[in-house]
Each structure stands twice: as C-alpha cells, then as structure tokens.
Amino acid sequence: MDFIKRQLLEQGVSSSVAVYLASMIVILLVVGLCAVANFVTKKIVLRVIASIIMKNRFTWDNVFLERKVFHRFAHIVPAVIIYYFAPVFPHYQTLIEKGAVISIIIVSMMAIDAFLNACNDIYNTYEVSKIKPIRGYTQVIKIFVFIIGAIIIVSGLIGQSPLLLLSGLGALSAVLMLIFKDSILGLVAGVQLSANDMVRVGDWIEMPKYNADGDVIDISLNTVKVLNFDKTITMIPSYALISDSFRNWRGMRQAGGRRIKRAVHIDASSIGFCSREMLGRLRKIQLLADYIENKEREIAEHNDRNGVDKSLEVNGRQLTNVGVFRVYVENYLRQHALIHRDLTLLVRQLAPTEHGLPLEIYAFVRDTNWAVYESVQSDIFDHIFASAPTFGLRIFQNPTGHDFTRALREETRSAGS
C-alpha cells in the first residue's frame, strides 16, 4: 500500500486522497485475486478432481461429488487470501483476521457436514446399513462439530480462550440437557435399537399409539420415519420405540409365511351323524376317500369289539358331518400349492357361541406379499363356503329381510294348502 501511495503522490495527488485511493486499489486487487483464485479452484482444480473421480473404477467416491464436499472446501481459498492480506490494513487487521477466521470455520463446518452426509450415503449402499444404520451417530458428530465451531467463533470474537468458555459450560449443563433432551434420548435409544437389533430400515412395524402401520424408511437421531400403507408418513420419536410397545413383522418375512387365522361359524342345528348315503357320496371326494375307508374300518372294529348296539346312532363311535368336513378342509390346505407345509397347519373347533360352532383355519401362506396373501386367503374361504353344503352343513348368519320374507311365504303357502 505504501508503494501505491508513493506512486500517487508522485503523480501530484494530495496525501489525503492518495490514502483513500491506495486503500481502494489494494481492496480491488485483493478482491480480484480472490476472484481469480476462486475461478482457478472451481473451474480448474475441481474439474480435474471430478475427472479423476469419474474415470476411476470406484463408485463410492462419486458420492463426494454429489454431496459437493470438494466444492465447499473450495470456499476456504478466498478467506485464506483475505487473512494473509490483513496486515496491509493495520488499523483493521484484527477485525479482518477475525472475520476471515470465522469464515474459514463456518466453511469447514459446512464441508464436514457434507462429508458426513457422503459417508452415510456410502454406508447405506451396503446391506449392513439396514441392520446397523449410522445416521444417528453422524448427527451426533455434527452436533459436536457445530458446538465446537460455535465456541471457537465466540471465543475469537470476545478475545478469550475456548477453554475458558468450555469451563463455563458446566454451569449451563442443566440448560443444555433440557435443550438437547430429545437428541440425548434419541442417541441412547439409537444405540439400544442397534445393539438389540430391534428395528431396521425396511421392517414393517405397527405402533397404534402413533397411528403407524407400514415400512420403516429412515432411522435418524431423533425420529424413526414410517411409510404407512396408505402412503402417509408417521414420525415416531426414537426413544418411543424403547419406552413403548410396538410390533415388528420382520419375523414373519424371515419365516417366509404369513398367517391365516380366521374362523367360519357352522350352524349348530346342521351338525349330525353321517348316514350311509352321505358317506357313499363323500367317498367320491378324492381328498376324503382314504380317510373315510380307514375311519370306517377303525370304527367298525371298535364297535364290534365293545358289542355296541347299532340300532341307535348315538351308541358307539360314528362319523359326523362336521368332523369329516374338518378333515376335508385340512387335507385341502395341505395339498394347496401356496400353503406353507413346514409351518403350523391345523383346522380346529373353538368354543361354541351364539353364532354357532367356530371352525378355525390356522395356516401360513408361502408368499408374504399383502395382495397375494389376501387373494389366497379369499380363495380358500370361497372354497370352504361353497363346499360346506356338500356335507349337509350350513354357515351361520343372522337372518335377513329375505329370510323373513321367505319364511312368511312358506307359512302362507302351508296355511293355504
């Protein structure tokens, strides 16, 4: 600056004007130098780095370009130039240096933030990320980085040591605990969720308290994001998964079978012993032919051995239509291509109710896809409802207006005859 000022004085410029003109020229030179350095860094250096990254055989380093990690670091160059030119302005040197340092710290924090995001993206490309997500941990690191950066900035502005500010934070610990309560609870919950493998990205979970019923799409420090089946998104606090109850359907998917647990109600008045004519007709059903033959032989031997009076059906052992129907449904399920044979399969009677005798089907569909599961379940019960009359059984339902009308017509017809 002194050189420029002398040159201006030699040109006949007054001393007061020469000072201002020299300052303006130096400022313009610094700004021009910063612009040139910024241009060289972004248009040449960054393009060379991008070219190297794009041409190598690795793919993970492309994430650093997408997250603009190098672009953010490039903003440090102008701040460094300004810092080294600060002594040119001795009256404002301290202020300029502080401003440059603050700029460097802020840019560095933003670059570290982008770097951590890139690391999380790279980690998410591996299958282990679904079991052990690290997003919560990267968020904790970001919090510490920004806190330390803020302390350094404040200490630089007030001209005090950062250690002095850190020692003063002890008195503010209670306030900090209150401010960062959710983050602290989320961090602890995240560690427990990860260590105990309680929930992963992609798991189907149910949490009625938060109206959540869908797939986990993100696990962060404070929240777990669930995409519900109605395409809405529910945000659940991470610590709620530790303190409250929720259902995880991962076991169902890993087992490879989705459970059917539904009952049909048989009208109790339609249950009875099988007559010879009925057994002769049911013997033609392929799924029952061997069962009926073996059961008739077993029952005949038992009744003969015990001298049972066969004049009454209630004496001894007899086949009932509901019992044969139960065996038929079980055999039908066992030969069904989409029913899992390695998991529990049974057809059982539940306690009778005012709606009749519940006959419950308990089985697992091989395909856990919701649409396929519902289709298979519907096909099975379609068949059960349609086949029940073959066994002389009626499915219970409360009488409708049609039933009352038909009963009234039959009563009128019988009265007229």
Side-chain angles (χ1 to χ4, degrees), residues 63 66-67 116-140 142 181-263 338-340 342-344 360-381:
V63 179
E66 295 172 2
R67 285 290 185 176
L116 292 173
N117 289 334
C119 291
N120 184 64
D121 292 343
I122 294 171
Y123 181 77
N124 286 339
T125 61
Y126 297 95
E127 286 296 323
V128 69
S129 64
K130 297 180 180 179
I131 303 174
K132 305 287 185 182
I134 64 169
R135 185 177 179 186
Y137 302 110
T138 58
Q139 289 179 329
V140 172
K142 289 180 186 180
K181 181 191 70 171
D182 291 338
S183 297
I184 295 172
L185 290 175
L187 174 61
V188 175
V191 172
Q192 291 180 321
L193 291 173
S194 178
N196 298 320
D197 197 17
M198 297 173 63
V199 65
R200 306 174 186 172
V201 174
D203 283 354
W204 168 19
I205 67 170
E206 266 186 86
M207 203 167 188
K209 180 178 179 180
Y210 293 90
N211 295 320
D213 184 12
D215 296 329
V216 176
I217 59 176
D218 184 46
I219 301 175
S220 63
L221 177 62
N222 293 325
T223 59
V224 173
K225 187 183 296 185
V226 179
L227 177 62
N228 299 312
F229 294 125
D230 60 0
K231 301 307 177 184
T232 59
I233 294 178
T234 299
M235 309 297 288
I236 304 174
S238 298
Y239 56 83
L241 297 174
I242 301 296
S243 59
D244 297 328
S245 175
F246 72 97
R247 176 181 292 182
N248 191 331
W249 290 84
R250 187 200 311 159
M252 177 267 293
R253 289 175 172 170
Q254 290 177 340
R258 190 163 183 173
R259 187 183 68 175
I260 296 176
K261 187 176 183 291
R262 182 185 292 182
L338 291 177
I339 294 297
H340 208 304
D342 297 331
L343 300 178
T344 305
E360 185 181 73
I361 286 77
Y362 193 102
F364 289 83
V365 178
R366 286 185 179 277
D367 198 326
T368 59
N369 181 274
W370 187 16
V372 176
Y373 163 78
E374 292 292 350
S375 177
V376 172
Q377 182 174 236
S378 298
D379 288 343
I380 289 172
F381 280 89

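Heavy atoms only: backbone and side chains are in, while hydrogens, waters and symmetry mates are out.
- Heavy-atom minimum distance, Val201 versus Ile219: N-CD1, 4.0 Å.
- Side chains of Leu241 and Val199 form a contact here, defined as non-hydrogen atoms less than 4.5 Å apart.
- Here CD1 of Ile380 is found 10.0 Å from OG of Ser375. Values are rounded to the nearest 0.5 Å.
- The side chain to side chain contact (heavy atoms under 4.5 Å, CB included) test applied to Arg67 returns Val63, Val69, Asn117, Ala118, Asp121, not counting sequence neighbours.
- Judged purely by distance below 3.5 Å, without hydrogens or angles, the side chains of Asn228 and Thr234 pair a donor atom with an acceptor atom.
- Every residue meeting the side chain to side chain donor-acceptor pair (under 3.5 Å) condition with Thr223, not counting sequence neighbours, appears here in chain and number order: Ser220.
- Scored by the salt bridge (charged side-chain N to carboxylate O under 4.0 Å, His left out) test, Arg200 finds Asp197 as partners (sequence neighbours excluded).
- Under the side chain to side chain donor-acceptor pair (under 3.5 Å) criterion, Asp203 pairs with Asn248, Arg250, not counting sequence neighbours.
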Does the salt bridge (Lys or Arg N to Asp or Glu O under 4.0 Å) test come out yes or no for Glu360 and Lys261, once each step is laid out? CA-CA 7 Å; Glu360 185 181 73; Lys261 187 176 183 291; 3.4 Å; yes

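- Evaluation of the side chain to side chain contact (heavy atoms under 4.5 Å, CB included) rule for Thr344 yields Leu346, Tyr362, Phe364 as partners, not counting sequence neighbours.
- Residues Phe381 and Ile361 are in side-chain contact: their nearest non-hydrogen atoms beyond the backbone lie under 4.5 Å apart.
- Glu374 meets the salt bridge (charged side-chain N to carboxylate O under 4.0 Å, His left out) test with no other residue; sequence neighbours excluded.
- One distance of note links NZ of Lys142 with CG of Asn120; it measures 7.5 Å at 0.5 Å rounding.
- With sequence neighbours excluded, no residue satisfies side chain to side chain donor-acceptor pair (under 3.5 Å) with Thr368.
- Between Ile236 and Ile205, some side-chain heavy-atom pair lies under the 4.5 Å cut-off.
- Annotation: side chain to side chain donor-acceptor pair (under 3.5 Å) contacts of Asp218 (sequence neighbours excluded): Arg135.
- The distance from the OH atom of Tyr373 to the CE atom of Met252 is 9.0 Å, given to the nearest 0.5 Å.
- The two atoms that bring Ser238 and Val224 nearest to each other are OG-CG2, 4.1 Å, heavy atoms only.
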Residues 206-214, side-chain donor-acceptor partners within the protein, below 3.5 Å, at least two apart:
unit_1: Glu206; atom_1: OE2; unit_2: Trp249; atom_2: NE1; d: 2.8
unit_1: Lys209; atom_1: NZ; unit_2: Asp244; atom_2: OD2; d: 3.1
unit_1: Asp213; atom_1: OD1; unit_2: Trp204; atom_2: NE1; d: 2.8

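- Screening residues 224-239 for salt bridge (charged side-chain N to carboxylate O under 4.0 Å, His left out) gives no qualifying pairs among residues at least two apart or on separate chains.
- Partners of Asp215 according to the salt bridge (charged side-chain N to carboxylate O under 4.0 Å, His left out) rule, which considers only residues two or more places apart in sequence or in another chain, are Arg253.
- Partners of Leu338 under the side chain to side chain contact (heavy atoms under 4.5 Å, CB included) rule, at least two apart in sequence or in another chain, are His336, Val376.
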